[in-house]
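Structure, as structure tokens:
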Amino acid sequence: MAITPKAASQRAREICGLAPIIPVLVVHDATKAAPLAQALVAGGLPALEVTLRTPAALDVIREMAKVPGGVVGAGTLITPDDVTAAVEAGAQFGVSPGATDELLEACEAAGLPLLPGAATASEAMRLLARGYDMLKFFPAEASGGAPALKAIGAPLPQISFCPTGGVSPENAQSYLSLPNVICAGGSWVAPAQMVEKEDWSGILALAQAARQLGAA
């Protein structure tokens, strides 16, 4: 059941390679989880990050985990208890804004592939030393955006990133064009208003457009 850092990072890399954008989802109503996931998967975005920021988040993961073709992960993992709850809910991967030894150990023990966050070269090097070479660059825009990530990539070409935080349709391509970026995380593909109105066709269209970003 346990997983090594190298194997965890390899699996995270595979998940990140499924589509150019990973939807970052803040969902308040679990009854909307399945149709939301279906729309995103149908639009070509199968990897879904459900942030643990709402009381409904774990139920949302449970419902989305039933949707064929979807790969559902838990975002905002902070503590070992978060990891346990996410795995029990059916999460297939985890995402964290940063990384602590305690969190890394919990994910490895639970067999949960993790996309740990890093915003500096030192943080990235520390994770690389442990065996993680697929990281989340967060907060992307506040940390210098694509130019900063490009600069980090020069001395650390063996590390790949999924930038998240301030990524939008307008700037996504500047990240995705970098050789050290596999995908990016974005919340714009599932706007709260559209989810509330159950505008699944609108979300499908946003997902389809996001899917094309990697080919632009």
Side-chain angles (χ1 to χ4, degrees), residues 12 15-78 82 85-86 89-97 113-115 117 136-142 161-176 181-216:
I15 293 169
C16 286
L18 293 174
I21 300 297
I22 293 180
V24 180
L25 307 171
V26 181
V27 185
H28 297 271
D29 182 353
T31 65
K32 302 182 189 301
L36 172 59
Q38 289 163 356
L40 292 167
V41 172
L45 305 182
L48 311 172
E49 177 190 340
V50 178
T51 62
L52 300 185
R53 301 182 199 172
T54 71
L58 293 172
D59 287 331
V60 170
I61 291 173
R62 289 188 185 93
E63 293 304 311
M64 287 191 172
K66 303 173 187 175
V67 174
V71 181
V72 184
T76 329
L77 295 181
I78 306 295
D82 292 338
Q92 294 174 263
F93 68 99
V95 184
S96 177
L114 179 69
L115 192 63
K136 171 180 176 175
F137 181 60
F138 177 85
E141 281 294 286
F161 293 89
C162 170
T164 304
V167 180
S168 68
E170 290 73 34
N171 64 20
Q173 199 59 44
S174 65
Y175 288 104
L176 294 170
V181 169
I182 303 296
C183 67
S187 59
W188 78 85
V189 291
Q193 307 94 313
M194 280 190 172
V195 175
E196 182 64 30
K197 294 177 181 178
E198 300 186 2
D199 183 3
W200 309 130
S201 61
I203 288 174
L204 170 66
L206 288 175
Q208 290 172 328
R211 175 77 191 197
Q212 294 304 313
L213 285 170

L213 to P169 - nearest heavy-atom pair and separation:
CD2-O, 4.4 Å
Side chain to side chain contact (heavy atoms under 4.5 Å, CB included) with V60: of D29, L52, V50, T31, only one passes, and it is V50
If you measure from CD1 on I61 to OG1 on T51, what distance do you get to the nearest 0.5 Å?
8.5 Å
Would you be so kind as to tabulate the donor-acceptor pairs closer than 3.5 Å made by side chains of residues 183-200, with sequence neighbours excluded?
unit_1, atom_1, unit_2, atom_2, d
E198, OE2, K32, NZ, 3.0
D199, OD1, S201, OG, 3.3
D199, OD1, G202, N, 2.9

To the nearest 0.5 Å, how far apart are CD in Q212 and CD1 in I21?
12.0 Å
What is the distance from atom CG of L45 to atom CG of L206, rounded to the nearest 0.5 Å?
9.5 Å
Separation of C162 SG from Y175 OH (nearest 0.5 Å):
11.0 Å
Beyond-backbone contact of P97 with I78, side-chain heavy atoms, under 4.5 angstrom:
yes
Evaluate E141 against V167 for side chain to side chain contact (heavy atoms under 4.5 Å, CB included), listing each step before the verdict.
CA-CA 7 Å; E141 281 294 286; V167 180; 5.7 Å; no
In Å, rounded to the nearest 0.5 Å, how long is the span from CG of L25 to CZ of R53?
10.5 Å
Is a side-chain donor or acceptor of N171 paired with a backbone partner of G166 at a separation under 3.5 angstrom?
yes
Are the side chain of S96 and the backbone N or O of L77 linked by a donor-acceptor pair below 3.5 Å?
yes
So R62 and D59, do their side chains get closer than 4.5 Å, heavy atoms only?
yes
Contact summary for A56 and A30, nearest pair of heavy atoms
CB-N, 4.3 Å
Side chain to side chain contact (heavy atoms under 4.5 Å, CB included) for Q92 and I15? Distances and angles first, verdict last.
CA-CA 10 Å; Q92 294 174 263; I15 293 169; 5.5 Å; no
Suppose we screen for side chain to side chain donor-acceptor pair (under 3.5 Å). Which residues come up paired with E63, at least two apart in sequence or across chains?
K66
For A37 against M64, the heavy-atom pair lying closest together
CB-CG, 3.7 Å
Minimum-distance pair of heavy atoms, taken over all atoms of A12 and P113:
N-CB, 4.3 Å
Verdict with reasoning, T164 to I22, per side chain to side chain contact (heavy atoms under 4.5 Å, CB included)
CA-CA 9 Å; T164 304; I22 293 180; over 6 Å; no
Quick one: closest heavy-atom pair of V181 and P163, and the distance?
CG1-CD, 3.8 Å
A19 versus P46, closest heavy-atom pair with distance:
CB-CD, 3.9 Å
Is L115 close to E49 at the side-chain level, that is, under 4.5 Å between some pair of heavy atoms?
no
Show your working on side chain to side chain contact (heavy atoms under 4.5 Å, CB included) between V27 and T54 and close with a plain yes or no.
CA-CA 7 Å; V27 185; T54 71; 5.5 Å; no
